[in-house]
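Data first, discussion second: the structure below is written as structure tokens.
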Amino acid sequence: ENTGVGYQAGQYAQGSYNVYVGYKAGNGSVLELAGTNTATGNTAVGNSALRSADTADYCAAFGRYANYNNASGDYTTAIGAYSLYNHTDGNYNTAISSYSLYGLTTGTEHVAIGMFASYTVTTASYSTAIGYGALQIATGAKNTAIGHSAGSGITSGQYNVIIGSGTGSSAPISATGSGYIVFYDGQANFRAQFDTSGNLGVGTSGALTAKCFSGARSRGSFYEPGTP
């Protein structure tokens with residue numbers, strides 16, 4: 001019930017409904033000869049794609065060394081050379097493009113689309129990075145970044161939303177800041193923010209003190225409650 005095409009493709013596979021195409025794709029390990037390799041429903045195409053599969057089920061890996069170290073993570077998708085390369089465990093991760101989610105080991109429920117997207121994250125979970133280098137060095141959880149290099153300066157910060165090409169490493173946010181929503185244009189110029197208290201600021205990256213906004217009166221200026 002398994003299909004292997006290529007040198008040692010699926011060599012130690014003992015599960016069912018697997019398709020392995022390429023040099024040592026889905027190869028497994030000689031240590032699994034005792035019957036522990038029960039990986040099922042996987043598709044791997046490329047040199048050493050999903051090579052370490054042991055109990056991982058329903059995974060897709062396309063590209064050289066895609067999802068290479070995944071032994072037991074289920075429902076993962078890796079498309080592109082070295083995508084999800086270090087992943088060993090953790091479910092429902094999706095990496096599309098070379099080196100996306102490269103460093104992830106046990107984190108779960110990530111989406112990374114674009115070369116080097118979410119490259120560094122290891123054990124944190126629930127982040128979405130779309131764009132070249134988006135969230136590239138981020139290690140925190142539940143960040144969302146959309147745009148070329150969006151959030152690429154964030155390190156341990158969590159719960160942030162970055163839209164546009166800003167790195168997120170300078171005001172109003174910082175590399176370690178958490179809970180911000182920040183908008184940039186395509187040239188990484190700051191445009192607007194929601195701070196950690198929910199205050200909205202347009203055109204100002206400084207600290208905000210009120211939720212009162214009047215775009216008509218002053219083209220996006222903010223006012224203290226009760227002030228003109």
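Basis for what follows: all heavy atoms, side chains included, without hydrogens, waters or symmetry-related copies. Keep in mind that this is a model prediction, so the values were computed, not measured.
- Here the closest non-hydrogen pair linking G131 and A117 is O-CB, 3.9 Å.
- In this structure a side-chain-to-backbone donor-acceptor pair under 3.5 Å is present from S125 to T108.
- Annotation: side chain of I181 is not in contact with side chain of N160 (no heavy-atom distance under 4.5 Å).
- Taking 4.5 Å as the limit, some side-chain heavy atom of Y68 sits within range of a side-chain heavy atom of S48.
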Kindly indicate, with the supporting measurements, whether the criterion side-chain contact (heavy atoms from CB on, under 4.5 Å) is fulfilled by L84 and T76.
CA-CA 9 Å; L84 273 172; T76 62; 4.2 Å; yes

Go through it in stages, so that I can follow the logic: the residues are N42 and V19, the test is side-chain contact (heavy atoms from CB on, under 4.5 Å), and I'd like the CA-CA distance, side-chain angles, deciding distance and then a yes or no.
CA-CA 6 Å; N42 297 304; V19 177; over 6 Å; no

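- Nearest heavy atoms, A150 versus G164: CB-O, 3.0 Å.
- Between N91 and S72 the shortest heavy-atom distance is OD1-O, 4.3 Å.
- The one candidate from L50, T43, V45 that meets the side-chain contact (heavy atoms from CB on, under 4.5 Å) condition with Y20 is L50.
- We find the CD1-OG distance between I130 and S118 to be 10.0 Å, quoted to the nearest 0.5 Å.
- By the 4.5 Å heavy-atom criterion applied to side chains, T128 and H110 are not counted as neighbours.
- Nearest heavy-atom pair, N93 versus E109, reported as atom, atom and distance to 0.1 Å: OD1-N, 3.1 Å.
- Within the model, atoms OG1 of T40 and CG of N18 stand 6.0 Å from one another, a figure rounded to the nearest 0.5 Å.
- Heavy atoms only, all atoms of each residue included: A61 and A66 are closest at CB-O, 3.6 Å.
- Here OG1 of T38 is found 6.5 Å from CG of D54. Values are rounded to the nearest 0.5 Å.
- Here the side chains of V111 and I96 are not in contact, with every heavy-atom distance at 4.5 Å or above.
- Counting only distance, with no hydrogens or angles, the side chain of S100 and the backbone of G114 share no donor-acceptor pair below 3.5 Å.
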Go through the steps for I163 and Y184 under the test side-chain contact (heavy atoms from CB on, under 4.5 Å), then give the verdict.
CA-CA 6 Å; I163 307 296; Y184 300 87; over 6 Å; no

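- Between the side chain of T155 and the backbone N or O of A175 there is at least one donor-acceptor pair closer than 3.5 Å.
- Atom-to-atom distance recorded for L135:CG and S127:OG is 6.0 Å, nearest 0.5 angstrom.
- Y159 is not listed as a side-chain neighbour of N143, based on a closest heavy-atom distance of 4.5 Å or more.
- A 4.5 Å side-chain heavy-atom check between Y119 and I137 finds every atom pair outside the cut-off.
- In this structure, the side chains of D57 and T55 stay at 4.5 Å or more apart for every pair of heavy atoms.
- Side chain to side chain, Y82 and R64 meet the donor-acceptor criterion of an N or O pair below 3.5 Å.
- Linking ILVMFWY side-chain heavy atoms closer than 4.5 Å, directly or via other members, places V161 and F194 in a single hydrophobic cluster.
- Ring orientation note: the planes of Y7 and Y23 are close to parallel, at an angle under 30° on the 30°/60° scale.
- Between Y102 and Y85, the ring-plane angle classifies as parallel under the 30° and 60° cut-offs.
- Between A13 and N2, the shortest heavy-atom contact is O-ND2, 4.1 Å.
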T120 vs T139, side-chain contact (heavy atoms from CB on, under 4.5 Å): CA-CA, chis, key distance, verdict:
CA-CA 6 Å; T120 303; T139 58; 4.1 Å; yes

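- Using a 4.5 Å heavy-atom threshold, the side chains of Y132 and F116 count as touching.
- Taken together through direct or relayed side-chain contacts under 4.5 Å among Ile, Leu, Val, Met, Phe, Trp and Tyr, V182 and I154 form part of one hydrophobic cluster.
- Put simply, CD on Q158 and OH on Y180 are 14.0 Å apart, with the number rounded to the nearest 0.5 Å.
- By the rule that hydrophobic residues join a cluster once side-chain heavy atoms approach within less than 4.5 Å of another member, M115 and Y65 end up as members of one cluster.
- No hydrogens or angles considered: nothing links the side chains of T123 and T106 as a donor-acceptor pair under 3.5 Å.
- Side-chain N/O atoms of N37 and Q14 include no donor and acceptor closer than 3.5 Å.
- Annotation: the span from S83 atom OG to I113 atom CD1 amounts to 12.0 Å, rounded to 0.5 Å.
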